[in-house]
Amino acid sequence: MQVRTLLFAQLREASGRSSVEVQLAEGSTVEDLLASLESMIPSLAAVAPATAVAVNQAYAERTSPLADGDEVALIPPVAGG
Amino acid sequence: MQVRTLLFAQLREASGRSSVEVQLAEGSTVEDLLASLESMIPSLAAVAPATAVAVNQAYAERTSPLADGDEVALIPPVAGG
Amino acid sequence: MGTALVTGDPIRSGDVLGRVGDDRDGAVLLFLGVVRDHHEGRPVTGITYEAYEGMVRAELERIIAEAEEILTTDRIHVVHRVGDLEVGDISVAVAVSSPHRDEAYRASRYVMEEIKRRLPIWKKERHPDGASEWVSGVVPGADL
Amino acid sequence: MGTALVTGDPIRSGDVLGRVGDDRDGAVLLFLGVVRDHHEGRPVTGITYEAYEGMVRAELERIIAEAEEILTTDRIHVVHRVGDLEVGDISVAVAVSSPHRDEAYRASRYVMEEIKRRLPIWKKERHPDGASEWVSGVVPGADL
């Protein structure tokens with residue numbers, strides 16, 4: 001399956017891209033996606049512990065399962081308002 | 001000495017007047033003024049317990065002394081805002 | 001020192017907001033009290049506000065001085081309307097601004113609670129059947 | 001249900017206030033977040049806001065639904081600005097109205113705290129020396 005991963009703010013700047021298409025095995029979780037991304041974009045590894053993840057525009061756990069076509073976003077520490 | 005006493009809202013309506021000049025003995029207190037007013041305007045007696053008093057535009061105690069020319073106000077329960 | 005106003009003219013929110021704010025401030029809070037169409041289950045068509053105007057100004061200045069202890073700025077403006085108001089008219093407006101939001105919320109709330117507790121203002125409600133009566137209020141002397 | 005907006009256009013307080021209010025409501029509260037000229041001791045000339053816009057709208061709608069439990073009305077409107085802002089520009093506006101003031105204060109505050117805690121928005125501060133950096137924020141996943 002394939003999921004689209006959005007990158008924002010310092011993650012977007014550090015990686016030089018605002019989205020990445022990632023191929024994953026069926027049954028993969030958010031955790032598996034993060035591992036794949038870190039191998040594709042090594043600079044993500046340092047910030048991953050402080051990064052939240054959203055799946056289809058809602059916050060998700062690392063153990064959440066993913067499905068083909070999901071929109072995933074890596075959310076660095078937020079500063080709205 | 002003479003003090004001017006202002007009446008508002010239901011006190012003004014019940015007494016039919018918005019201010020009363022009251023003659024008091026030297027050394028009189030707010031309590032003395034209230035007693036004089038109640039004899040002048042009997043309808044005040046019923047509401048006096050729930051009435052606050054201001055002297056020169058600040059809340060005062062019943063025991064506060066009065067001076068010639070003071071502006072006193074009887075303040076029925078307030079409902080600003 | 002913040003400022004206080006008692007007025008017989010309609011209160012405009014933009015005017016009140018314009019009295020606070022500063023390049024140092026990240027938070028602006030505006031509270032508006034508005035005449036509503038009901039009170040304690042009865043329909044209301046309007047309210048007449050009567051005030052001891054000189055003391056209202058003096059008491060508002062005292063309340064503002066106390067609120068500035070919370071706010072840490074002097075950017076506070078309070079307006080209270082008097083006279084005949086209709087449903088939807090603004091009766092009171094409190095604007096504050098400060099570097100951070102916590103003190104803005106707390107100072108605004110403090111001003112409103114103290115206004116209700118001790119400002120010498122009275123209101124007479126008007127009802128659709130033509131009746132009107134003074135709204136039962138709070139005895140301000142109780143703890144002052 | 002209240003409404004949420006993400007916009008690149010300047011926020012006007014009068015427009016936001018116009019989205020709430022009702023004859024049943026005696027309290028209106030408007031919070032404005034404004035770009036201030038300093039942060040953690042450093043001068044600031046402006047802030048660039050970046051947002052995950054689709055999720056900001058979705059998350060704001062969730063926050064509004066939660067706030068309506070406090071407010072007891074659906075009269076709530078939230079706008080968040082994105083893009084390049086200068087000192088004094090409004091970054092966020094929260095308007096609520098309700099019959100009584102207590103729920104208005106509590107709902108407004110709730111919305112602002114949740115915006116800070118979990119809205120996927122990031123800000124890059126600009127300084128007079130030309131430097132700029134991302135403001136350190138809050139990890140939203142920590143307790144969600």
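Every chain is numbered from 1, with letters handed out A, B, ... down the list of sequences. Note that the coordinates shown come from a computational prediction; the quantities given were computed from them, not determined experimentally.
- Residue Pro77(A) comes nearest to Gly137(D) through the heavy atom pair CB-C, 3.5 Å, listed as atom of the first residue, atom of the second, then distance.
- Although no hydrogens or angles enter the test, the distance criterion places no donor-acceptor pair under 3.5 Å between the side chain of Trp122(D) and the main chain of Gln10(A).
- Within the 4.5 angstrom heavy-atom criterion, no atom of Arg57(D) approaches chain A.
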Audit row: Trp134(D), Glu13(A), side chain to side chain donor-acceptor pair (under 3.5 Å) steps and yes/no: CA-CA 11 Å; Trp134(D) 295 101; Glu13(A) 289 185 350; 3.0 Å; yes
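- Side-chain contact between Tyr59(A) and Pro140(D) is present, with heavy atoms from C-beta onward closer than 4.5 Å.
- Annotation: residues 35-56 of chain D contacts chain A through Tyr49(D), Glu50(D), Ala51(D), Tyr52(D), Gly54(D), Met55(D) [non-hydrogen atoms, separation under 4.5 Å].
- The side chain to side chain donor-acceptor pair (under 3.5 Å) check on Arg4(A) picks up nothing, with sequence neighbours excluded.
- For Arg12(A), the part lying near chain D is the side chain, with the backbone staying farther off; criterion is any non-hydrogen pair under 4.5 Å.
- Within 6.0 Å of atom CZ in Arg62(A), more than 12 heavy atoms from other residues, nucleotides or ligands are found, so the atom counts as buried in its surroundings.
- Nearest heavy atoms, Val78(A) versus Leu119(D): CB-O, 3.2 Å.
- Using a 4.5 Å cut-off between heavy atoms, Ile75(A) touches chain D through backbone and side chain atoms alike.
- Contact annotation for Ala60(A): neither backbone nor side-chain heavy atoms come within less than 4.5 Å of a heavy atom of chain D.
- Judged by distance alone, the side chain of His80(D) and the main-chain N or O of Gly81(A) form a donor-acceptor pair under 3.5 Å.
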